[in-house]
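Written out below as C-alpha cells is the structure these notes cover.
These numbers come from a predicted model, not from an experiment. The first residue in the sequence is number 1, and the count goes up from there.
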Amino acid sequence: MSRQHGWRQGYRAWCVRRPLVAAALALLALFALAAGCNSSGGGGGAAAAGVTSGELPDCRVFVIDALDGTVRVVDGNSPRQEGVSPALPLPGGAARGVALDPHGDRIWITQPDTDVAAVFDAATMALVATVATGDQPGAIFVDGANGRVYIANESADSVTVRAADPPFAELGGSPIAVGDVPIDLLVIGSALIVANRDSDTISRFDAAPPFVEAAGSPFAAGDAPADLEQDASQSLVFVANRAAGSISVFDVATNVLTTPITGLSEPVQLARHARADLLFVADGASGSLRAYSSIATPVEQSGSPVAIGGTAGGVYANTFLDRVFVTNRATRELRTYSAIAPFPELDPALRPQVGTLPGRSAGVEPVVLRTLLAAGGSAVQGSAAQGSLLYIAHGTAGMRTVDLTNPRASLAAAEVATLLLPDSAIAVEVEGEFAFLSNGANGIQIADISAPAAPVVVQTADGIGTTDEIFLFGQFLLVDVGTAGLVVLDVLSPEFPLFVASVNPGGNAAGFAFSSEHRFAYSASGGTDLFVLDLLNPAQPFLAETISIPVDAEDVATLPGRVAAVAANAGGLRLVRVSPVSGSQLAGQVDLGVAARKVTAIFDLALVTDANGDLHVVNAASAAHPHQIGFLDLAAEPKEIRVFGNDLYLAEGTSGLVIIRFFP
C-alpha cells in the first residue's frame, strides 16, 4: 500500500495575487504571483496602473513555501540571505494565496486547511482577523479602490467577495458560482475575470454586486489556464495556458480571445513591468524567463529567453528597482534579473535559499541509485526515514536500521541494528525517539529508537485487529485494519497508546492515503467504491462519502486540491476530485495499457507502478489534463512506495528495497 510520509505539512502554493504593495512568489511547487513594492505593476486593485501611493517602504517579497505551507519573507531591495528565509506564523494551517491591500495597511493570506483568509497588519505583521471563505480558498485579489476582496474557492467552484475593511462583511450576491477550479482572478476596470483551470475557460462578471455574469461567459481559453495579468491600458487580460504552452489575450471591451503566443513549454506565471510595459513569463519546464511587449500582439524581446538553470516557478517584476524576481524550483532559489534587455542576472550571491525540497520538472528520468536487502531474505514490506537513518520493515526479519550517510557503503557497513518482532514487520512510521511498527495479528509494536544501535520494544497495542498500513497524524496513529476499517490511537505518550476511535466504511481496503489538507482519508475498497473519511477531528472520524468509480481500485493516493489518485486494475490512473459537500466526480485519467498496482504522490506528481513492474511518473497538476512525463522499467511490483527527500523508496518484497532518484 502506498503512503505519503513526509508531506503531511502541506504541498504547494497555487496563486498568490499581486497587488501594488507587495510581492509574492510561490516557490516550491507550482507558481506564484507577485506584485511590487514601490512598483506600478501587477494590478491588485489600484484605481489605475501606475498608482504607487501607500506602498510598503521595505519592499518585502512574500514566498509561499510548499513544504509546510508557510509564508516566507525576503528583502526585495537587497535579497542577500543566508540559509532558509524566515516563516510568518499563520493561525489556520497552510497558506495558499497572498494579497496586499493597495493602501499598504493589510496583508491577506488564504488558508485552505481551515477555509479562512487571515488578515494581518502590514506594519507589525500582527493578526487582525480571520474571515470565512468557501471550500479550499486559493487565489485572492484586493480591489482597494472599491474596498472589495475577491477569494477563489477552488473546491467549491466559487468566488467569495468581502469588504476590504473591518468587519470584512461578505457582500450580497456572494459567493459567485464560476467554472471548474477557479485558479486565479483579477479586477480590471469594472470587470471581474476568473481563470477556471479544469474547465479550460475564463469567466467574466460585473465586479460590483450583484455580480452579473457577462453574456457568452464563460469563454473558451487554452488547456489549463493558470494565471492572469493585465495590460497597461487596463483593456486587455493575458492568460497563461499552462498545459497548452500558450498565452492568450482577452479583450475586455469585446470579450474576444486571441492566442498570439504559442510554442512555450509550460507558462506558469506572468508579471508586467509597468514602466517598460513588458510582460514577463516564467516558462516552467524550459527553465526560462521570457519577455514580451505588453500589447495586443506581443513581440518577444531581444535577449529573451533567459535560461535560469532549473525549473521556473513564479515571476514578479519590480518597476521601481527595474528587477525581475524568478523562483527556481529545481535549486530552491529566488533569482534576480535586470528588467532591462538583455535581462542579465544580478549578482548570483544575491540568490536567497527559500526552500529545501526540489520542485517538479516537466520531464522526469528516474534512475536506480541502489538496492538494499536483495533476494534471499525475508520480503521487504515498507520503510521510513529520519535524518540519515532508514528504518525498514523487513517482514519476518523485523525492523532493520540502515545509515545512508555514505551512499556507496555496503549493507554490512551501513546497517546499524535489527529489531526482531513477534510477527512480520509490515509497515513502519518514525517520529522523534520512537518507531511505530505494524505487526499483523500482533497489532502495533512501539519501539524506543533513542539509541539507534539498540532499539527496544516498549509497548504493544493489540486487540485492534490485524494491522496493515499505518500513518502518523499529529499525535494520532491511524491504523488500517483491513475489513475492520480504520482505528485511531492517541500516541502523544508513545509508551501509553490509547484507543480513541474506529470507523468501518465497509469493504476490504486495498489502499489507504491521507490528504495534504489533513482532513480526508481515502480507502480504495478493492472493488469499485472509494470511501472518503472525514478526519477533521481524528478522535471522531466518520464516513463522509462513498464514490462509485467504474474500475476496480487497487491503491489510492492524494494530490493537491483534494484530488484522489486511484490506481485502477482496468489499466491506468483515475483522478477523482473529492468534494463531499457538492459531490465528487471523475476529473481525468491516464491509460497505461496495463493494470496499475500502487500509487503515491509528491506535490502535483502521481507515481504509479503497474503489473509489469514499471514505474510511471504522471504530471497531475491539472486533474483534467494528467499526462505521463517519466518512466522506469523495474524488476518487480512494489508492496509500498514512499518518497523521502529527492528519492523514491520501493519495497519490492524479496527483490529488496529499491532507491530511485527522480529529481535532479
Side-chain angles (χ1 to χ4, degrees), residues 9-10 13-28 32-39 42-46 53-77 84-134 136-145 147-153 160-170 185 314 316 334 354:
Q9 295 131 326
W14 284 108
C15 292
V16 185
R17 192 58 251 158
R18 43 184 175 287
L20 292 179
V21 297
L25 299 171
L27 173 69
L28 295 184
L33 308 128
C37 319
N38 305 313
S39 166
S53 61
E55 295 173 342
L56 295 176
D58 54 1
C59 193
R60 282 169 279 173
V61 180
F62 294 83
V63 183
I64 286 191
D65 186 339
L67 170 62
D68 53 12
T70 56
V71 176
R72 300 185 180 275
V73 184
V74 176
D75 182 351
N77 286 299
V84 178
S85 58
L88 171 69
L90 299 174
R96 182 70 59 81
V98 177
L100 279 295
D101 188 302
H103 301 297
D105 53 357
R106 298 188 189 97
I107 299 172
W108 292 70
I109 301 176
T110 56
Q111 300 188 260
D113 289 8
T114 48
D115 295 340
V116 299
V119 187
F120 292 85
D121 183 285
T124 66
M125 296 310 298
L127 181 67
V128 174
T130 57
V131 298
T133 65
Q136 201 178 30
I140 182 168
F141 189 97
V142 182
D143 180 357
R148 293 189 285 264
V149 179
Y150 302 81
I151 303 167
N153 306 305
T160 296
V161 187
R162 287 186 171 272
D165 296 310
F168 311 114
E170 186 167 4
L185 73 175
Y316 150 60
L334 181 66
V354 187

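- Residue Ala129 comes nearest to Phe168 through the heavy atom pair CB-CE1, 3.8 Å, listed as atom of the first residue, atom of the second, then distance.
- To the nearest 0.5 Å, the span separating CG on Asp115 from CD on Gln136 amounts to 8.0 Å.
- Separation of atoms CG (Leu90) and CZ (Phe120) is listed at 5.0 Å; rounding is to 0.5 Å.
- Rounded to the nearest 0.5 Å, atoms OG1 (Thr133) and CD (Gln111) are 9.5 Å apart.
- Nearest heavy-atom pair across Ala95 and Ile109 is CB-CG2, 3.6 Å.
- Looking only at side-chain heavy atoms (C-beta outward), Ile107 and Val98 come within less than 4.5 Å of each other.
- For the pair Ala117 and Ile151, the tightest heavy-atom approach, listed with the atom from each and the gap, is CB-CD1, 4.0 Å.
- Listed for the Arg106 side chain is no donor-acceptor partner under 3.5 Å among the backbone atoms of Asp165.
- Taking all atoms of both residues into account, the shortest heavy-atom contact from Pro137 to Gly134 is CD-O, 3.6 Å.
- Of all non-hydrogen atoms in Pro91 and Ala118, the two that sit nearest each other are CG-CB, 3.9 Å.
- Of all the heavy atoms in Gly138 and Thr110, the pair that sits closest is O-OG1, 2.7 Å.
- How far OH of Tyr150 is from CG of Asp143: 5.0 Å, rounded to the nearest 0.5 Å.
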